[in-house]
Asker: 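Next up is a structure, given as structure tokens.
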Amino acid sequence: MGYYLNPGTEVFDKIVNSEIYVDKTGLLNYTNNVINTMQGYLCISRPRRFGKSTAAYMLAAYYSRECDSKGLFSKFEIAGSRDFERHLNKYDTIFLNMQEFMSQSACMEDMLQLLQKSVLWDLLEKYPDYRYFDDTNLARTMQDIYHHTRCPFVLIIDEWDCVFREYKTDKKAQEKYLDFLRNLMKDKGYIHLAYMTGILPVKKYGTHSALNMFDEFSMIDPGPLAAYVGFTESEVRALCLKYGMDMEEVKNWYDGYSFEKGISIYSPRSVVSCMRFGKIGNYWNQTETFEALQIYIDMNFDGLRDDVLSMIAGEKVTVNTGSFTNDMTTFRTEDDVLTLLIHLGYLGYDYENKCVFIPNGEIREEYVNAVSVSEWGEISKALKNSADTLNAILQGRAEQAAEGIKNAHFETSHIQYNDENALSYTISLALYAARNFYTVHREFAGGKGLADLVFIPRKKFPDKPALVIELKWDKSAKGAINQIKEKEYCESLEEYKGNLLLVGVNYDLKTKKHECIIEQYVKE
């Protein structure tokens with residue numbers, strides 16, 4: 001075994017022996033199905049700490065020749081596959097972490113030279129006696145070895161896109177890197193499987209499609225690998241049972257990356273930390289500070305700020321992901337920024353409806369942190385004051401609640417303040433802090449119609465009253481309260497009948513004032 005060639009099972013052993021390990025060996029069923037086919041080139045892009053490296057080390061432990069990893073994998077899902085032993089430890093496997101080579105190099109030429117020398121060192125030590133055309137050329141040497149041994153290669157590249165994060169503006173360095181990878185892998189009979197992981201999908205260079213042989217599985221479209229993006233809901237539920245955690249709370253904070261076929265994905269790092277430390281918390285910012293998010297949401301694209309505010313308020317925003325060039329510097333439209341935030345994990349993506357949203361409470365907190373230090377004026381102030389507005393409602397102080405709603409009344413370019421929908425948007429911002437205690441429902445079915453907004457207290461906060469909020473535009477707050485009663489919106493909230501507040505809000509078009517009435521619900 002070498003350092004890069006057939007690196008062994010030590011790292012995956014450590015992963016498996018950790019306090020929490022969730023079995024994702026089912027991924028090997030897919031790679032086994034595509035190995036030695038035209039589909040045997042996979043580019044897997046995920047946000048930080050979503051298990052990319054864990055999967056890469058798993059593949060290395062499974063495929064590496066000179067290893068005996070049958071015992072390691074025998075207790076996991078892959079052991080039940082008919083192809084389990086057919087591919088087990090049958091390939092010369094090369095594992096490369098591009099971050100390692102880049103951090104030891106001053107430029108792209110140095111990096112590629114170091115990479116080739118490092119892998120060649122392992123190859124020539126294992127196969128010293130063959131006749132080589134050019135033993136300083138990695139691609140030609142791998143070809144010669146395959147010619148003699150007929151043992152194909154599995155190539156695993158972790159952090160493949162770190163070059164595009166380090167050399168953000170150096171187009172020549174990026175193209176040289178892509179050309180190197182193309183020469184190493186494309187149309188090479190010795191490569192039976194190539195598996196790359198990173199944050200970004202394959203870089204687009206117009207006609208310069210260096211790696212167009214790869215199938216891409218991203219946060220926009222993970223395809224058949226959706227269940228391996230992060231932890232599934234059933235996996236998280238099992239962990240909650242084991243560690244005595246409240247599934248509802250965990251779901252609120254870490255769920256939200258939803259894909260086709262109803263697969264709901266949780267952030268692995270956050271869930272593991274939550275279970276180990278026994279408390280709900282923001283573990284996302286331990287991988288990257290909110291300032292990274294701030295850079296992107298502060299970009300001066302028309303509509304970007306308004307859309308961020310809409311998403312903080314719980315809305316979804318339409319996006320076109322097609323123009324994104326898969327780098328971190330080329331931003332021509334707001335859509336490019338939003339698409340990057342999908343790949344970074346700061347936004348969830350609804351593939352069917354082509355829209356983005358803030359996936360969960362943990363990430364929403366990052367947005368609020370970023371906005372609070374941005375030059376967003378009254379917006380930052382309103383978010384900070386939202387706890388006071390919520391308390392005013394809970395304590396029946398209607399005038400103070402109306403003042404808080406007024407302070408959250410923003411004129412935006414795409415949500416004109418001229419109907420009840422816009423008023424709903426304002427209320428959501430004014431009561432942002434409620435999301436710490438409540439599950440928020442818009443157009444909530446109850447009685448004889450749909451309530452505009454209903455706030456259901458989470459199990460962790462049984463003393464909080466439920467809130468039914470009805471909105472009126474240029475009518476009256478009293479009329480809003482009457483509608484709640486007449487249409488029996490509270491009928492589906494029987495368990496809260498002794499702890500429920502009715503809130504009517506009206507915006508008067510002439511006076512430009514918000515009116516609020518708060519009543520304790522009394523079942524008639």
Asker: Run the side-chain contact (heavy atoms from CB on, under 4.5 Å) test on Phe444 and Leu450 for me, step by step, so that the C-alpha distance in whole Å, both residues' side-chain angles and the decisive distance to 0.1 Å come before the verdict.
Answerer: CA-CA 5 Å; Phe444 186 83; Leu450 301 174; over 6 Å; no
Asker: Taking NZ in Lys354 as the centre, count heavy atoms belonging to other residues, nucleotides or ligands within less than 6.0 Å. Is the count above 12?
Answerer: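 Atom NZ in Lys354 is crowded, with more than 12 foreign heavy atoms closer than 6.0 Å.
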Asker: Just do the side-chain contact (heavy atoms from CB on, under 4.5 Å) check on Cys355 and Val317 with the steps written out, would you?
Answerer: CA-CA 5 Å; Cys355 57; Val317 171; 5.8 Å; no
Asker: With sequence neighbours left out, write down each residue that passes salt bridge (Lys or Arg N to Asp or Glu O under 4.0 Å) with Glu334, or none if nothing qualifies.
Answerer: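 Glu334 satisfies salt bridge (Lys or Arg N to Asp or Glu O under 4.0 Å) with no residue once adjacent residues are dropped.
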Asker: Just verifying a value: how many Å separate Asp255 CG and Phe231 CZ, rounded to the nearest 0.5 Å?
Answerer: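 That separation rounds to 13.5 Å.
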Asker: Working to the nearest 0.5 angstrom, can you tell me the gap between Ile44 CD1 and Asp158 CG?
Answerer: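 If I round to the nearest 0.5 Å, the distance is 11.5 Å.
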Asker: Distance check, rounded to the nearest 0.5 Å: Ile469 atom CD1 versus Ile393 atom CD1?
Answerer: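 Answer rounded to 0.5 Å: 5.0 Å.
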Asker: Residues two or more places apart in sequence or in another chain: which of them pass side-chain contact (heavy atoms from CB on, under 4.5 Å) with Phe437?
Answerer: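 By the side-chain contact (heavy atoms from CB on, under 4.5 Å) rule, Phe437 matches Leu390, Phe461, Lys464.
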Asker: What I want to find out is whether Lys475 reaches Glu470 closely enough, with some N-O distance under 4.0 Å, to be called a salt bridge.
Answerer: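 Glu470 and Lys475: not salt-bridged.
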Asker: For Leu341 and Tyr296: C-alpha separation, side-chain torsions, deciding distance, then whether side-chain contact (heavy atoms from CB on, under 4.5 Å) applies.
Answerer: CA-CA 8 Å; Leu341 294 178; Tyr296 299 112; 4.1 Å; yes
Asker: May I ask you to test the Pro222-Tyr228 pair for a side-chain heavy-atom distance under 4.5 Å?
Answerer: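 Of all side-chain heavy-atom pairs linking Tyr228 with Pro222, none is under 4.5 Å.
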Asker: Does a donor on one side chain and an acceptor on the other come within less than 3.5 Å for Gln39 and Asp215?
Answerer: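 Short answer, no.
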Asker: Considering only residues two or more places apart or on different chains, which pairs with a residue in residues 342-351 satisfy salt bridge (charged side-chain N to carboxylate O under 4.0 Å, His left out)?
Answerer: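 As it turns out, the salt bridge (charged side-chain N to carboxylate O under 4.0 Å, His left out) pairs with a partner in residues 342-351, which skip direct neighbours, are Lys316-Asp350.
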Asker: Say you draw a straight line from CE of Met102 to SG of Cys162; how long is it, rounded to the nearest 0.5 Å?
Answerer: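 Those atoms lie 4.0 Å apart.
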Asker: Not counting sequence neighbours, which residues clear side-chain hydrogen bond (donor to acceptor under 3.5 Å, both in side chains) with Glu233? List them please.
Answerer: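 Only Arg237, Lys251, Tyr266 meet the side-chain hydrogen bond (donor to acceptor under 3.5 Å, both in side chains) criterion with Glu233.
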Asker: Only counting residues at least two apart or in another chain, list the ones meeting side-chain contact (heavy atoms from CB on, under 4.5 Å) with Glu486.
Answerer: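 Scan of Glu486 (side-chain contact (heavy atoms from CB on, under 4.5 Å), adjacent residues dropped) gives Asn482.
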Asker: Given side chains that start at C-beta, do those of Tyr507 and Ile405 come closer than 4.5 Å, heavy atoms only?
Answerer: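 The answer is no, as the side chains (C-beta and beyond) never meet within the 4.5 Å cut-off.
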Asker: Do Leu467 and Leu394 have side-chain heavy atoms sitting under 4.5 Å apart?
Answerer: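 In contact.
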Asker: Would you say the ring centroid of His441 lies under 6.0 angstrom from that of Phe455?
Answerer: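 No: the rings miss the under 6.0 Å criterion.
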Asker: Please report the closest heavy-atom contact between Tyr30 and Pro224, naming both atoms and the distance.
Answerer: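 That would be CE1-CG, 3.8 Å.
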Asker: Using a strict cut-off of less than 4.0 Å between a Lys/Arg side-chain nitrogen and an Asp/Glu carboxylate oxygen, indicate whether Arg458 and Glu249 qualify as a salt bridge.
Answerer: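 Yes.
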Asker: Identify the residue among Ile517, Ile518, Ile427, Asp452 that makes a side chain to side chain contact (heavy atoms under 4.5 Å, CB included) with Val505.
Answerer: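 That would be Ile427.
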Asker: On a heavy-atom basis, which atom in Lys472 and which in Ala480 lie closest, and how many Å separate them?
Answerer: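 Taking Lys472 first and Ala480 second, the nearest heavy atoms are CG-CB, 3.7 Å.
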Asker: Return a table of donor-acceptor pairs under 3.5 angstrom between the side chains of residues 428-435 and protein atoms on other chains or two or more places apart.
Answerer:
residue : atom : partner : partner atom : Å
Ser428  : OG   : Ser424  : O            : 3.1
Arg435  : NH2  : Ala313  : O            : 2.9

Asker: By salt bridge (Lys or Arg N to Asp or Glu O under 4.0 Å), which residues pair with Lys52, not counting sequence neighbours?
Answerer: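 So Lys52 forms no salt bridge (Lys or Arg N to Asp or Glu O under 4.0 Å) with any residue.
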Asker: Using a 3.5 Å distance criterion without hydrogens, assess whether the side chain of Asn360 forms a donor-acceptor pair with backbone atoms of Asn252.
Answerer: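 Such a contact is absent between Asn360 side chain and Asn252 backbone.
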Asker: Tell me every residue that passes ring pair (Phe, Tyr, Trp, His ring centres under 6.0 Å) with Trp160, counting only those two or more places apart in sequence or in another chain.
Answerer: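 If we apply the ring pair (Phe, Tyr, Trp, His ring centres under 6.0 Å) test to Trp160, skipping adjacent residues, the hits are Phe164.
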Asker: Can you list the residues that meet the side-chain contact (heavy atoms from CB on, under 4.5 Å) rule with Ala227, with sequence neighbours excluded?
Answerer: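 For Ala227 the side-chain contact (heavy atoms from CB on, under 4.5 Å) partners, ignoring immediate neighbours, are Thr232.
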Asker: Does the side chain of Gln174 pick up a donor-acceptor pair with the side chain of Lys168 at under 3.5 Å?
Answerer: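 Result is no, nothing qualifies.
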Asker: With ring centroids as reference points, do Tyr257 and Phe50 lie under 6.0 angstrom apart?
Answerer: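 Yes, the ring centres sit under 6.0 Å apart.
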Asker: Looking just at side-chain N and O atoms, do Lys478 and Asn506 make a donor-acceptor pair shorter than 3.5 Å?
Answerer: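 No, no side-chain donor-acceptor pair sits under 3.5 Å.
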Asker: Glu443 side chain to Leu453 main-chain N or O, any donor-acceptor pair under 3.5 Å?
Answerer: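 No: the side chain of Glu443 does not pair with the backbone of Leu453.
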Asker: Is a side-chain N or O of Arg46 found less than 3.5 angstrom from the main chain of Phe217, in a donor-acceptor match?
Answerer: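 Looks like yes, one N/O pair under 3.5 Å.
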Asker: Check this for me, if you would: do Asp179 and Lys176 make a salt bridge, where the nitrogen-to-carboxylate-oxygen distance has to be below 4.0 angstrom?
Answerer: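 Between Lys176 and Asp179 there is no salt bridge, as every charged N stays at least 4.0 Å from the carboxylate O atoms.
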Asker: Any heavy-atom pair between the side chains of Met111 and Val163 that's under 4.5 Å?
Answerer: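 When only atoms from C-beta onward are counted, Met111 and Val163 do touch, with a gap below 4.5 Å.
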Asker: How would you list, by chain and number, every residue that makes a ring pair (Phe, Tyr, Trp, His ring centres under 6.0 Å) with Phe180, sequence neighbours excluded?
Answerer: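 Ring pair (Phe, Tyr, Trp, His ring centres under 6.0 Å) list for Phe180, sorted by chain: empty.
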Asker: Determine, stepwise, if the pair Val202 / Cys43 fulfils side-chain contact (heavy atoms from CB on, under 4.5 Å).
Answerer: CA-CA 7 Å; Val202 172; Cys43 182; 3.9 Å; yes
Asker: Rounded to the nearest 0.5 Å, what separation is found between the OG atom of Ser267 and the OH atom of Tyr254?
Answerer: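 It comes to 8.5 Å.
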Asker: Just how far is it from atom CZ of Phe331 to atom CG of Leu338, taken to the nearest 0.5 Å?
Answerer: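 Rounded to the nearest 0.5 Å, the CZ-CG separation comes to 10.5 Å.
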Asker: What residue pairs, at least two apart or across chains, pass salt bridge (charged side-chain N to carboxylate O under 4.0 Å, His left out) with a residue in residues 500-512?
Answerer: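 For residues 500-512: none.
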Asker: Should Leu500 and Pro465 count as side-chain neighbours, where that means a heavy-atom distance under 4.5 Å?
Answerer: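 Side-chain contact under 4.5 Å: no.
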Asker: Measure from the side-chain N and O atoms of Tyr41 to the backbone N and O of Met185, and report whether any donor-acceptor pair falls under 3.5 Å.
Answerer: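 Indeed, once roles are kept as given, a pair shorter than 3.5 Å links the two residues.
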Asker: Which atom pair, heavy atoms only, marks the closest approach of Ala402 to His514?
Answerer: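 Here Ala402 and His514 meet closest at CB-O, 3.5 Å.
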Asker: With side chains defined as the heavy atoms from C-beta onward, is the minimum distance between Arg165 and Met328 less than 4.5 Å?
Answerer: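 Yes, at least one pair of side-chain atoms sits under 4.5 Å.
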Asker: Kindly indicate whether the side chain of Leu347, heavy atoms from C-beta on, has any atom under 4.5 Å from the side chain of Ile358.
Answerer: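 Yes, side chains in contact.
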Asker: With sequence neighbours excluded, tell me which residues meet side-chain contact (heavy atoms from CB on, under 4.5 Å) with Thr333.
Answerer: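 Expected list: Ser323, Asp335, Asp336.
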Asker: Got Tyr349 and Thr321 here, is their nearest side-chain heavy-atom distance under 4.5 Å?
Answerer: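 Of all side-chain heavy-atom pairs linking Thr321 with Tyr349, at least one is under 4.5 Å.
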